[in-house]
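To start, the structure itself, in structure tokens.
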Amino acid sequence: MDFKKYITDVPNFPKEGVVFKDITTLLNDPEAFKAVIDEMSQFVKEQGATAIVAPEARGFVFASAIAYVTGTKFVLVRKPGKLPRKTNEVEYTLEYGTSKLQMQQGDLTPNDKVVIVDDILATGGTIDAIIELIDKEHAEIVGIEFLADITELHDKELEKKYKVKSLINY
Ligand SMILES: O=P(O)(O)OC[C@H]1O[C@H](OP(=O)(O)OP(=O)(O)O)[C@H](O)[C@@H]1O
Ligand SMILES: Nc1ncnc2[nH]cnc12
């Protein structure tokens with residue numbers, strides 16, 4: 001399936017100069033969304049993952065469906081003040097701002113084999129922060145997957161260190 005046609009480009013959102021990749025048009029199409037979840041789940045199975053880690057909010061939309069299909073545990077990465085137990089925290093910069101992400105201590109164990117799931121890889125700031133949070137728990141990262149990758153916005157370092165898959169490349 002040609003997934004690209006289900007993503008809508010929205011110029012100058014949320015800031016002047018950013019072309020926002022709107023995934024809601026994909027979510028509005030049940031067949032396309034199912035095909036995406038099936039393909040992303042296949043990657044998780046191939047890597048032999050025991051856990052999926054994803055950031056709010058759009059990452060959750062994909063990750064929870066993939067965790068259900070693959071029977072893996074799902075660990076949440078959230079913005080500050082949302083997770084109730086003791087967390088680790090990392091500050092990061094993304095295409096249109098700076099923020100912090102947290103993951104609860106002990107949600108992952110050193111035995112976990114993790115696939116990280118998110119909708120968009122842009123500058124890579126978010127994914128780098130998630131990797132740092134997982135490394136603090138000494139879990140193994142066996143793969144990273146995105147619905148879409150905006151190639152011109154990030155370097156190639158991620159692909160050098162990890163098995164990375166994107167269903168759509170811009
Ligand atoms: O590669 P980067 O430049 O770091 O950008 C990618 C991140 O930006 C978006 O999340 P956002 O923080 O906008 O949160 P949302 O999912 O809550 O909209 C997207 O869902 C990725 O997580
Ligand atoms: N251009 C973009 N579109 C959608 N989500 C994003 N996250 C970071 N950059 C983005």
Side-chain angles (χ1 to χ4, degrees), residues 2-29 32-33 36-37 39-41 43-44 49 51-68 74-84 87-104 107-108 114-136 139 141 143-170:
D2 175 17
F3 295 126
K4 210 178 239 179
K5 71 176 189 206
Y6 296 97
I7 309 289
T8 311
D9 280 5
V10 183
N12 302 317
F13 181 88
K15 278 187 177 167
E16 198 68 29
V18 173
V19 179
F20 192 82
K21 304 295 182 191
D22 178 20
I23 59 151
T24 61
T25 33
L26 174 96
L27 302 177
N28 295 163
D29 188 302
F33 182 55
V36 162
I37 295 303
E39 192 163 332
M40 292 182 87
S41 297
F43 177 80
V44 169
I52 289 168
V53 173
E56 70 172 279
R58 282 174 274 153
F60 288 179
V61 174
F62 296 90
S64 103
I66 296 165
Y68 176 81
F74 177 24
V75 173
L76 309 186
V77 170
R78 298 210 62 181
K79 309 233 163 105
K82 302 287 186 183
L83 291 168
T87 58
N88 291 318
E89 179 177 282
V90 172
E91 192 168 331
Y92 70 103
T93 303
L94 77 161
E95 192 184 0
Y96 37 72
T98 298
S99 188
K100 288 177 184 166
L101 285 175
Q102 297 182 334
M103 190 172 72
Q104 286 182 146
D107 279 1
L108 288 175
V114 177
V115 167
I116 308 172
V117 169
D118 204 359
D119 63 332
I120 306 283
L121 172 61
T123 62
T126 304
I127 199 70
D128 286 349
I130 297 169
I131 290 169
E132 208 176 319
L133 288 169
I134 294 170
D135 285 348
K136 284 179 195 284
I141 297 168
I144 304 176
E145 69 173 337
F146 303 95
L147 171 64
D149 167 5
I150 309 171
T151 312
E152 66 181 10
L153 292 181
H154 61 89
D155 60 28
K156 300 264 175 284
E157 291 307 307
L158 201 64
E159 285 95 332
K160 281 186 199 156
K161 286 180 76 177
Y162 302 100
K163 178 126 175 103
V164 181
K165 177 176 173 171
S166 298
L167 276 56
I168 301 167
N169 294 290
Y170 289 101

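Every number for a ligand or one of its atoms is a count from 1 in the order of the listing. In this chain, residues are counted from 1 in sequence order. As a basis for the values below, the full set of heavy atoms in this structure was taken, side chains included, without hydrogen atoms, waters or symmetry mates.
Listed for the T93 side chain is no donor-acceptor partner under 3.5 Å among the backbone atoms of G125. A distance-only check finds no donor-acceptor pair linking the side chain of S166 to the backbone of A148 [under 3.5 Å]. With hydrogens and angles ignored, the 3.5 Å screen pairs a side-chain donor or acceptor of N12 with a backbone N or O of G17. Between the side chain of E56 and the backbone N or O of K79, at least one donor-acceptor pair lies under 3.5 Å.
For V19, a nitrogen or oxygen atom sits less than 3.5 Å from a nitrogen or oxygen atom of ligand 2, counting backbone and side chain alike.
Of all the heavy atoms in L101 and L133, the pair that sits closest is O-CD1, 3.9 Å. Of all heavy-atom pairs between I141 and I134, the closest is CG1-CG2, 3.7 Å.
Ion pairing between a basic and an acidic side chain is recognised when a charged N comes within 4.0 Å of a carboxylate O; K165 and E39 show such pairing.
When only non-hydrogen protein atoms are considered, atom 9 (C) of ligand 1 lies nearest to R58 NH2, 3.2 Å. The nearest protein atom to atom 20 (O) of ligand 1, hydrogens excluded, is given as D119 OD1, 2.5 Å; this is a heavy-atom distance. Looking at atom 3 (O) of ligand 1, its nearest protein heavy atom turns out to be T123 OG1, 2.6 Å. Ranking the protein heavy atoms by distance from atom 6 (C) of ligand 1 puts I120 O, 3.3 Å first. Protein heavy atom in closest approach to atom 12 (O) of ligand 1: L94 CD1, 3.3 Å. Ranking the protein heavy atoms by distance from atom 13 (O) of ligand 1 puts Y96 OH, 2.5 Å first. The nearest protein atom to atom 4 (O) of ligand 1, hydrogens excluded, is given as T126 OG1, 2.6 Å; this is a heavy-atom distance.
By the neighbour-count criterion of 12 heavy atoms within 6.0 Å, atom NZ of K156 is densely surrounded, having more than that number from other residues, nucleotides or ligands.
Among A122, A148, A57, G124, the residue whose heavy atom lies nearest to atom 17 (O) of ligand 1 is A57. Distances from atom 22 (O) of ligand 1 to the heavy atoms of T93, D118, V18 put D118 nearest. When the heavy-atom distances from atom 5 (N) of ligand 2 to E95, K15, R58, K21 are ranked, the shortest goes to R58.
For ligand 2 and Y96, the ligand atoms under 4.0 Å from any heavy atom of the residue are 5 (N), 6 (C), 7 (N), 8 (C), 9 (N), 10 (C). Atoms of ligand 2 found under 4.0 Å from any heavy atom of A122 (numbered from 1 in listed order, with element): 8 (C), 9 (N). Under a 4.0 Å criterion applied to the non-hydrogen atoms of E95, ligand 1 contributes the atoms 3 (O).
At least one heavy atom of K79 sits under 4.0 Å from some atom of ligand 1.
The cationic atom of K163 (NZ for Lys, CZ for Arg) does not lie both less than 6.0 Å from the six-membered ring centre of F43 and within 45° of the ring axis.
With a 4.5 Å cut-off on side-chain heavy atoms, I7 and K21 count as touching.
Within the 4.0 Å heavy-atom criterion, the part of E56 lying near ligand 1 is the backbone and not the side chain.
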